[in-house]
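Scope of the values below: all heavy atoms of this structure, side chains included, with no hydrogens, waters or symmetry mates.
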Amino acid sequence: MICIETMADTHLDEVLRIEQEISGIPWSRKLFEGEITRGKDRRYRVATEDDVVIGYLGMLYVVDEAHIATVGVAPTRWGHQIATRLLLDALDAAHKNGTKDCTLEVRAHNERAKRLYQRFGFAPVAVRRGYYHDNQEDAIIMWLYDLDSSAELARRRDIAATIDDEGQAHGA
């Protein structure tokens, strides 16, 4: 069974292993340690299965906005709705926190991630040219507005309904 839990120091070796596998600019242990100890303006979670970290998401709050700072899933678990679960959890928490809108940045070539974010209602609003220093790739800035609107709540309920307890997608 897949569980979503608070990221702790004990998860960092596995988080860093995934980060090394998937990121052109992997975050350091020190950066994750700093983020997970910041307090109420940060929310870091891991997805685990059989006590093994298979994904993670970090989010920060700025006034009434949320910024998803990082999302990662072990490549062996791509296509198993792990990022979908993490996003549902994060957006639900942001909504309960009174957050109105949410933003993130995604590499321009990452079509898989862009499709996921668009499924959640994120829309591209700007480009940061050459944002990623490892290859000068552009970042697409995406926003999801009105987290508390009935349409967005319904969208997230519909997405949640497509995931079973084992994290497998079904239906549409």
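Checked against salt bridge (Lys or Arg N to Asp or Glu O under 4.0 Å), D41 has the following partners two or more places apart in sequence or in another chain: R38. Every salt bridge (Lys or Arg N to Asp or Glu O under 4.0 Å) that D138 has, sequence neighbours left out, goes to R129. For K96, the salt bridge (Lys or Arg N to Asp or Glu O under 4.0 Å) partners are D92, not counting sequence neighbours. For N110, the side-chain contact (heavy atoms from CB on, under 4.5 Å) criterion is met by V106, R107, R112, A113, not counting sequence neighbours. Listed by chain and number, the residues in a side-chain contact (heavy atoms from CB on, under 4.5 Å) with A93 are R43, Y61 (sequence neighbours excluded). Legend: residues meeting salt bridge (Lys or Arg N to Asp or Glu O under 4.0 Å) with D148, ordered by chain and number and at least two apart, are K100. For W78, the ring-ring contact (aromatic ring centres under 6.0 Å, His included) test picks out no residue, with sequence neighbours left out. Checked against side-chain contact (heavy atoms from CB on, under 4.5 Å), A83 has the following partners two or more places apart in sequence or in another chain: V71, V73, L116. For S28, the side-chain contact (heavy atoms from CB on, under 4.5 Å) partners two or more places apart in sequence, or in a different chain, are K30, L31.
Hydrophobic clustering (side-chain heavy atoms under 4.5 Å, transitive across Ile, Leu, Val, Met, Phe, Trp, Tyr) keeps Y145 apart from L153. L12 and L60 fall into different hydrophobic clusters, where Ile, Leu, Val, Met, Phe, Trp and Tyr are joined by side-chain heavy atoms under 4.5 Å apart, directly or via other members. Under the 4.5 Å side-chain heavy-atom criterion for grouping Ile, Leu, Val, Met, Phe, Trp and Tyr, V46 is connected to L88 within one hydrophobic cluster.
Atom-to-atom distance recorded for C3:SG and D50:CG is 9.0 Å, nearest 0.5 angstrom. Note that the OH atom of Y44 and the OG1 atom of T37 stand 10.5 Å from one another [nearest 0.5 Å]. A distance of 11.5 Å separates OG1 in T48 from CE in M7, rounded to the nearest 0.5 Å. For the atom pair CG (D89) and OG1 (T84), the distance works out to 12.5 Å, reported to the nearest 0.5 Å. The CG atom of L91 sits 5.5 Å away from the SG atom of C102 when rounded to the nearest 0.5 Å. Note that CD1 of I2 and NE2 of H80 are 8.5 Å apart. Values are rounded to the nearest 0.5 Å.
When side chains are defined from C-beta on, I140 does not count as touching F122, because their heavy atoms never get closer than 4.5 Å. A heavy-atom distance below 4.5 Å is found between the side chains of I163 and R85. The shortest distance between side-chain heavy atoms of R45 and M59 does not fall below 4.5 Å. Two residues are said to be in side-chain contact when any heavy atoms from C-beta on lie closer than 4.5 Å; T162 and R119 meet this criterion. No side-chain heavy atom of L144 sits less than 4.5 Å from a side-chain heavy atom of D101.
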* Begin with the C-alpha distance, continue with both residues' side-chain angles, and end with the deciding distance and a verdict on side chain to side chain contact (heavy atoms under 4.5 Å, CB included) for H11 and T6. => CA-CA 9 Å; H11 297 121; T6 300; over 6 Å; no
Discussion item. Under the criterion side chain to side chain contact (heavy atoms under 4.5 Å, CB included), I'd like the reasoning laid out for T103 against M142: C-alpha separation, chi angles, the key distance, then a yes or no.
Written reply: CA-CA 6 Å; T103 187; M142 302 180 83; 5.9 Å; no
Stepwise, does the side chain to side chain contact (heavy atoms under 4.5 Å, CB included) test hold for M1 with E49?
CA-CA 6 Å; M1 179 173 189; E49 186 173 43; over 6 Å; no
_Set out, in order, the CA-CA distance, both residues' side-chain angles and the distance that settles side chain to side chain contact (heavy atoms under 4.5 Å, CB included) for I4 and L86, then state yes or no._
CA-CA 7 Å; I4 306 290; L86 287 162; 3.7 Å; yes
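Between the side chain of N97 and the main chain of T99, no donor-acceptor pair closer than 3.5 Å is present.
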What side-chain donor-acceptor pairs closer than 3.5 Å can you find for residues 13-21, not counting sequence neighbours?
{"from": "D13", "atom 1": "OD1", "to": "R29", "atom 2": "NH2", "distance (Å)": "2.1"}
{"from": "E14", "atom 1": "OE1", "to": "V53", "atom 2": "N", "distance (Å)": "3.0"}
{"from": "E19", "atom 1": "OE1", "to": "Y56", "atom 2": "OH", "distance (Å)": "2.2"}
{"from": "E19", "atom 1": "OE2", "to": "W27", "atom 2": "N", "distance (Å)": "2.8"}

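Residue pairs meeting the side-chain hydrogen bond (donor to acceptor under 3.5 Å, both in side chains) criterion with at least one member in residues 65-74: none, sequence neighbours excluded.
Other residues, nucleotides and ligands contribute over 12 non-hydrogen atoms within 6.0 Å of the CG atom of D134.
Here Y132 sits in one hydrophobic cluster together with I25, Y131; the rule is ILVMFWY side chains under 4.5 Å apart, joined directly or through other members.
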